[in-house]
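Encoded as C-alpha cells, the structure appears first; notes follow it.
Values in this document were obtained by computation on a predicted structure and should not be read as measured data. The first residue of the sequence shown is numbered 1, and numbering continues consecutively from there. Note that these values count all heavy atoms, side chains included, but never hydrogens, waters or copies made by symmetry.
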Amino acid sequence: MAAELTAHQLIAQHRPTLDLALETIRTRAYWSPHPEHPKAYGENGSLDTAAGKAAFDALSGTRLDLGQPGTDGWVGGEVSPYGIELGVEYPHADLDVLLPAMQAGQKAWRDAGAELRAMVCLEILKRIADRTMEFAHAVMHTSGQAFMMAFQAGGPHAQDRGMEAVAYAYVEQSRTPETAEWTKPQGKRDPLALTKRFTPVPRGIGLVVGCNTFPTWNGYPGLFASLATGNAVLVKPHPRAVLPLALTVQVARDVLTEAGFDPNLVALAAERPGEGIAKTLATRPEIRIIDYTGSTAFGDWLEANARQAQVYTEKAGVNTVIVESTDDYKGMLANLAFSLSLYSGQMCTTPQNLLIPRDGIRTDQGDKTYDEVTADLARAVDGLLGDDARANALLGAIVNPDVKARLEAAAGLGEVALASREVANPEFPDAVVRTPVIVKLDGAKPEDEAAYTSECFGPVSFAVAVDSADHAVELLRRSVREKGAMTVGAYTTAPEVEEAVQEVCLDEAAQLSLNLTGGVYVNQTAAFSDFHGSGGNPAANAALCDGAFVANRFRVVEVRRPA
C-alpha cells in the first residue's frame with residue numbers, strides 16, 4: 001500500500017514544530033503548541049466542547065476494533081468515577097500472536113531514521129490534539145478529574161509531555177552522525193582509512209503500563225520516547241482507565257498506516273477482570289522497555305524481576321512543604337489551599353506533610369502560632385471549597401474506594417484541623433466527592449511518625465509540629481532519602497533556612513519550589529521547562545523528561561569498512 005503521508009509532507013509540516021521544541025528544551029523557556037483554554041478550540045468546529053462530548057457519547061455501546069492480530073475476545077466494563085458506565089469494548093490479545101506481529105514492523109521503522117520517526121510521532125500528536133475535547137471527556141470519566149483539569153492535564157499538557165519526549169529522543173539519536181570518514185596517519189605508509197556508519201537500533205518492544213489517575217499525561221512520555229527511538233510499543237492500560245489510551249493507540253495505528261509503516265508498531269493490551277497481565281507481559285523476552293506509574297510495591301517488583309527490560313518507574317513518595325516564615329501570609333495560604341485541593345489530592349505531586357515549627361512562624365501579618373497557621377489554612381481550604389459548584393470544579397471525583405477509605409481513616413490518626421465533607425454533584429449524583437482533611441501530628445512523637453512517613457494518597461495532609469527549622473530540614477532529608485518525594489516546597493524569608501532546604505534537595509535529588517504564592521503551584525510542572533521527578537530518590541527512577549529518559553531506549557550500532 002502506498003503511503004498517503006509522504007516523508008516530504010511530514011517533514012514540511014512538522015519540522016518547524018520540532019525545531020521549536022528543540023530550542024525550548026535548550027532554553028527551558030515557556031512554550032506550548034497546544035492551547036490550554038477551551039475557547040482556543042473554536043465554538044462550532046469539530047474541536048469544540050459540544051462536539052467533543054458528542055464524540056465521547058457516541059463511543060458508548062461500541063466495540064473499538066483496532067484491527068490488531070491475535071484478537072481472541074472482547075473486554076470492557078469501565079465505570080466512571082462519576083457513576084456512569086462507559087460501555088466500550090476493547091480487543092483482548094493473544095500475546096503469542098500479537099507480540100511477533102509487533103516485531104515484524106520494526107526493521108522498516110528502524111531504517112526510517114530518527115527524523116522521519118519524529119515527524120510521524122508529531123503527526124500522531126497532532127491528530128490527538130485535533131480530538132482534544134473528546135479525549136478530555138474520556139480522561140474525565142476514567143480518572144475522576146473535573147472537566148477543566150481533564151481537558152488541560154489530559155489534553156494539551158499530556159500532548160506537550162509527549163512532544164517533549166520526541167524532542168529529547170531526536171537529540172539523543174542525532175548526537176552521533178550517520179556516517180564518518182576516518183583516517184589515521186601511518187607516517188611514511190599509506191594512512192588507514194575507514195568509512196563508518198552509525199545506526200540507532202531499538203531495544204525491542206516497549207511496554208507502557210498505564211495508571212488510573214493520569215492515563216495520558218503519565219502514559220505519553222514513555223509511549224513517544226520508545227516509538228521515536230525505533231521501538232514498537234504495547235500499551236497496557238489500567239483496567240479502570242482504558243479508553244483514553246485505546247483512542248491513542250487507534251490514532252497511532254491510523255497514522256502509521258498512512259505513513260506506510262506497519263500499524264502493529266503500536267498495539268493495545270486490554271485485560272479481562274482480575275487477569276493481571278502486567279506481570280506476565282513484564283517478564284516476556286520480547287518486552288525490552290517498561291514504563292510504569294503506580295504503587296511502590298509493583299514498581300519495586302518490576303525493577304527486581306523484569307531483568308530483560310530497561311525499566312522506568314514513577315512510584316510513591318511523601319511530598320513535604322516546610323513552612324518556616326513568609327512575607328505573604330495570605331498568598332501562602334491561598335497557594336497551599338489550592339495545592340491540597342486540586343483533583344482531591346490524587347496527584348503524585350500533591351503536598352502531604354506540612355512541617356510547621358511548634359513555636360510558630362514569622363509573617364507579614366505578625367507572628368503566627370502553629371495552631372493559628374493550621375486553623376488559617378483550614379479556613380483557606382474551606383473558603384476555596386465553600387461553594388459546591390467551585391468545589392466540584394476543583395476536586396473532581398474520588399477515583400476509587402481505596403482513596404475514600406484512606407481519607408476516612410485519616411481522621412483517626414490525630415487531631416483534625418479540617419474535617420472532610422461530602423460535596424453533592426448535581427450533574428453526576430453517584431460521584432463520590434470529598435473535600436480534603438488536615439490532621440495535626442507531632443513530629444517529636446514516635447507514635448505519629450508512622451502516619452506522616454508513609455504515603456497517604458488522596459485528599460489527606462498532615463500539619464506536623466516540629467521543634468525548629470533545623471528539625472524540619474532533618475525530617476525532610478530523612479523522608480526524601482527513605483521514602484522519596486516528587487515535590488518539595490518551602491516558605492521562608494531566612495537565607496540560611498533556604499540554603500539548608502536547597503542543600504537537602506540537591507543532596508537527595510528532589511525538585512524544590514520556594515515561596516510560591518501566586519498562580520504557580522508545587523504540584524504542577526510545565527513540559528519543556530520543568531523536570532517531573534528526578535530519578536534520584538525512591539519516588540521515581542527517571543525524570544520526565546531528560547536525556548537519560550530516552551537515551552537507553554536504543555543503542556548505536558556501527559558498521560565500518562575500508563574507505
Side-chain angles (χ1 to χ4, degrees), residues 10 12-56 118-143 145-168 214-221 223-224 243-245 247-248 250-252 254-255 338 342-343 347 349 390 393-394 396 518-521 523-530 532 544-545:
L10 288 166
Q13 181 171 1
H14 296 299
R15 182 72 215 201
T17 303
L18 177 63
D19 288 340
L20 281 170
L22 295 173
E23 175 64 10
T24 308
I25 62 174
R26 185 188 68 82
T27 64
R28 315 309 294 181
Y30 171 76
W31 174 71
S32 171
H34 305 110
E36 61 176 11
H37 196 286
K39 288 183 179 178
Y41 291 80
E43 295 182 1
N44 299 303
S46 63
L47 307 181
D48 71 8
T49 303
K53 177 67 161 58
F56 168 75
M119 300 302 104
V120 172
C121 287
L122 294 191
E123 177 66 19
I124 294 169
L125 284 164
K126 179 191 177 297
R127 301 275 184 98
I128 291 169
D130 287 347
R131 296 168 62 179
T132 288
M133 288 300 177
E134 178 186 358
F135 273 74
H137 287 282
V139 171
M140 173 183 176
H141 284 290
T142 50
S143 70
Q145 295 174 28
F147 176 76
M148 183 55 74
M149 185 175 186
F151 158 71
Q152 290 185 334
H157 296 172
Q159 295 153 21
D160 282 353
R161 283 295 183 190
M163 186 176 291
E164 178 186 49
V166 174
Y168 272 99
F214 289 89
T216 55
W217 197 98
N218 278 111
Y220 283 4
L223 192 166
F224 285 100
L243 183 57
L245 291 177
L247 293 174
T248 301
Q250 183 184 53
V251 172
D254 287 346
V255 171
F338 188 92
L342 185 62
Y343 185 33
M347 303 173 69
T349 49
R390 183 164 59 178
L394 281 175
V520 176
Y521 304 95
N523 41 354
Q524 297 175 321
T525 58
F528 308 108
S529 185
D530 294 323
H532 175 75
L544 304 179
C545 184

Legend entry - Value rounded to 0.5 Å, distance of CE in M148 from CG in L394: 11.0 Å

Inset, instruction - Kindly say whether L544 contributes a backbone atom to a donor-acceptor pair with the side chain of R161 at under 3.5 angstrom? - result: yes

Inset, instruction - Look at E123 together with K126 and state whether they make a salt bridge at an N to O cut-off of under 4.0 Å. - result: no

Inset, instruction - If the plane angle is over 60° it's perpendicular, under 30° parallel, otherwise tilted; pick one for F147 and F151. - result: parallel

Legend entry - Spacing of C121 atom SG and L18 atom CG [to the nearest 0.5 Å]: 10.5 Å

Inset, instruction - Would you check if the side chain of R28 reaches a backbone N or O of I25 as a donor-acceptor pair within less than 3.5 Å? - result: yes

Inset, instruction - Any chance you could measure D160, atom CG, to T24, atom OG1, to the nearest 0.5 Å? - result: 10.0 Å

Inset, instruction - Please report the shortest heavy-atom distance between T17 and W31, naming the atom on each side. - result: O-CH2, 3.8 Å

Inset, instruction - Rounded to the nearest 0.5 Å, what's the gap from OG on S143 to CG on L243? Could you check? - result: 11.5 Å

Legend entry - Shortest non-hydrogen contact from P35 toward P33: CD-O, 3.6 Å

Legend entry - Audit row: H34, T132, side chain to side chain contact (heavy atoms under 4.5 Å, CB included) steps and yes/no: CA-CA 10 Å; H34 305 110; T132 288; over 6 Å; no

Legend entry - Minimum side-chain heavy-atom gap P221-E164 below 4.5 Å: no

Inset, instruction - Please report the closest heavy-atom contact between M163 and L125, naming both atoms and the distance. - result: N-CD1, 3.6 Å

Legend entry - Parallel, tilted or perpendicular, as decided by the 30° and 60° cut-offs, for the rings of F214 and W217: perpendicular

Legend entry - Least distance between heavy atoms, T142 atom then P215 atom: OG1-CG, 4.2 Å

Legend entry - Least distance between heavy atoms, T216 atom then A158 atom: OG1-CB, 3.6 Å

Legend entry - Interatomic spacing from CD in Q145 to CG in L342 - rounded to 0.5 Å: 8.5 Å

Inset, instruction - For the pair Q152 (side chain) and E36 (backbone), establish whether a donor and an acceptor sit closer than 3.5 Å, ignoring hydrogens and angles. - result: yes

Legend entry - Between CE on residue M140 and NZ on residue K53, distance to nearest 0.5 Å: 8.5 Å

Inset, instruction - Indicate the ring-plane relationship of Y521 and F338, choosing parallel, tilted or perpendicular according to the 30° and 60° boundaries. - result: parallel

Inset, instruction - Work out which heavy atom in L122 is nearest to a heavy atom in H14; give both atom names and the distance. - result: CD1-O, 3.7 Å

Inset, instruction - Answer whether the closest heavy-atom distance between the side chains of Q159 and S32 falls below 4.5 Å. - result: no

Inset, instruction - Report yes if the side chains of T27 and F528 come closer than 4.5 Å at any heavy-atom pair, otherwise no. - result: no

Legend entry - I128 side chain near Y220 side chain, heavy-atom distance below 4.5 Å: yes

